[in-house]
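The structure appears right after this line, and notes come after that.
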2 protein chains.
Amino acid sequence: MVVDPARTYRYRAEERLRRTGARVTRPRIEVLAMLLAAPRALTHHEIERQVNRALGIDRVTIYRVLEWLTAHGLAHRISGDDRVWRFNAAEDERTHEHAHFKCNDCGEVICLDKAIAARSVPLPTGYRTQEIELTVKGLCADCVPARADRHRRQGPAQHRQ
Amino acid sequence: MVVDPARTYRYRAEERLRRTGARVTRPRIEVLAMLLAAPRALTHHEIERQVNRALGIDRVTIYRVLEWLTAHGLAHRISGDDRVWRFNAAEDERTHEHAHFKCNDCGEVICLDKAIAARSVPLPTGYRTQEIELTVKGLCADCVPARADRHRRQGPAQHRQ
DNA sequence: GCTCTTATGCAACATGGTTGCATTTGACCC
DNA sequence: GGGTCAAATGCAACCATGTTGCATAAGAGC
Ligand SMILES: [Mn+2]
Ligand SMILES: [Mn+2]
Ligand SMILES: [Zn+2]
Ligand SMILES: [Zn+2]
């Protein structure tokens, strides 16, 4: 029996959406399914390319869906140094107490499984900690110098955004 | 003997600029002096308000000066979650191995003195660490709940950006 | 002062995201 | 199935933050 993986992710997306009690719409399903299928955080651009081209869903709608998913805990938003937000389906088990990795070459962002031991950073008196954000920057497996020659010929890997 | 503090910062700014061997210009002096005087990281906007209003220095020039100061190690740039860069004079002793604090209420950003013990976060195989960024988010001394009533009357502290 | 290089000012542009408002549609009820 | 209505979508215009191109101004060495 062969299953269509995209169909499977859509199904899981619908399920999660239904659990919120809010409307289950095509844009919400498609965007969330795409986030669920992705092994890394996606930009609005990447989502738009797939979901707008294939289904004509408007870019503003995609922005609104991403905002809504984030507000409802179905996704989370990662803000990088390139002024582009990236989104990831939120595995609700995994509380957002985890760190992120960002590739300095291709821009890829992934979530690192709970790795924050850096509790209790000392602050000036009167200041109060609420969250700690930790981002590791470096090279992803596709971009380590060992493969630098491929890059020189073809340019860096292109999930740049 | 009374000294004008702004004059002192300008003097220190000129000194640092001269040491780079590059041209010592009015915009560079003013922007760097302002960064030296500030107890926290400043946005382009904040700098523009002061330096453009008082001296008519163009906003593009301010952008270019900030970029130049950063490239020459006289300032460093902090990218937050609000797509606004903030700048700080670089105390050259303090290598950029320090963490940052950002107030969730008023947006204030400060540098925390070397506090990263979070070395060696485990990554997927093939990935390589280059830098680690740590940002503590919470409430600054002006914004802690103890003073929430003042905020309710007057709005949050206004160095929001 | 003169010259040469570099920095500045100004206008136009780019990017990523937001807002207002008319139209469509999902969910609930029958 | 069809009717109702709040909520979501599409579209156009907008905004904020930063960049680029190019003519002009001004540091610094002589
Ligand atoms: Mn994450
Ligand atoms: Mn800093
Ligand atoms: Zn990479
Ligand atoms: Zn504050």
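Sequence lines set the chain letters: A, B, ... in the order given, protein chains first and strands last, and positions in each chain run from 1.
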5' priority, DNA chain C, between T25(A) and P27(B) [closest heavy atom] = P27(B)
5′-ward residue of the pair W68(B)/E67(A) relative to DNA chain C =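 This one resolves to W68(B).
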Nucleotide nearest [X] (side chain, heavy atoms from C-beta), chosen from [options]:
X      : options                   : result
W85(A) : dT18(C), dG10(D), dT19(D) : dT18(C)
R28(B) : dG16(C), dT8(C), dT19(D)  : dT8(C)
T61(B) : dG10(D), dG9(C), dG18(D)  : dG9(C)
I57(A) : dT20(D), dG9(C), dG10(D)  : dG10(D)

Minimum heavy-atom separation for [X] to [Y], with atom names?
X       : Y      : result
L32(B)  : L74(B) : CD1-O, 4.0 Å
E30(A)  : L55(A) : CG-CD1, 3.6 Å
I110(B) : P39(B) : CG2-O, 4.0 Å

Could you check how far [atom1] of [X] sits from [atom2] of [N], rounded to whole Å?
X      : N       : atom1 : atom2 : value
D58(B) : dC22(D) : CG    : P     : 18 Å
L66(B) : dA7(C)  : CG    : P     : 15 Å
R77(B) : dT17(D) : CZ    : P     : 15 Å
E48(B) : dT19(D) : CD    : P     : 14 Å

Under the 3.5 angstrom rule, does the side chain of [X] hit a backbone N or O of [Y] as a donor-acceptor pair?
X      : Y      : answer
T61(A) : I57(A) : no
R83(A) : R83(B) : yes
E46(A) : T43(A) : yes
R28(A) : L17(A) : no

hydrophobic_cluster_shared for L134(A) and L112(B), side chain cutoff 4.5 Å =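 They do share one cluster, since a chain of ILVMFWY contacts under 4.5 Å joins L112(B) to L134(A).
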inquiry  = Classify R64(A) by what it touches in the nucleic acid, base, sugar-phosphate, or nothing, heavy-atom distance under 4.0 Å.
reply    =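 It contacts base atoms.
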ask   = For R26(A), which contact category applies under a 4.0 Å heavy-atom criterion: base, sugar-phosphate, or nothing?
value =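 Here R26(A) touches no strand at all.
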ask   = What about R59(A), does its side chain sit under 3.5 Å from the base of dG10(D) through a donor-acceptor pair?
value =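 No, no donor-acceptor pair under 3.5 Å.
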inquiry  = Could you go through Y127(A) and E108(B), starting from their C-alpha distance and side-chain angles, then the distance that decides it, and tell me whether this counts as side chain to side chain donor-acceptor pair (under 3.5 Å)?
reply    = CA-CA 11 Å; Y127(A) 283 60; E108(B) 169 186 284; 2.6 Å; yes
inquiry  = Based on the rotation axes of five pairs at each end, what angle does the helix from dG1(C)-dC30(D) to dC30(C)-dG1(D) bend through, to 10°?
reply    =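 Comparing the first five pairs with the last five, the axes sit 40° apart.
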task = Respond yes when some side-chain nitrogen or oxygen of Y63(A) is under 4.0 Å from OP1 or OP2 of dG17(C), and no when none is.
result = yes
key: Side-chain N or O of R83(B) closer than 4.0 Å to phosphate OP1/OP2 of dG18(D)   =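 No.
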N/O contacts under 3.5 Å, protein versus nucleotides 23-25 of chain C?
| unit_1 | atom_1 | unit_2 | atom_2 | d |
| --- | --- | --- | --- | --- |
| dT25(C) | O2 | R23(A) | NH1 | 3.2 |

key: Passing candidate, ring-ring contact (aromatic ring centres under 6.0 Å, His included) with H44(A), options Y63(A), F87(A), W85(A)   = Y63(A)
ask   = Which sits closer to the 5' end of DNA chain D, R18(B) or V60(A), going by the nucleotide each is nearest to?
value = V60(A)
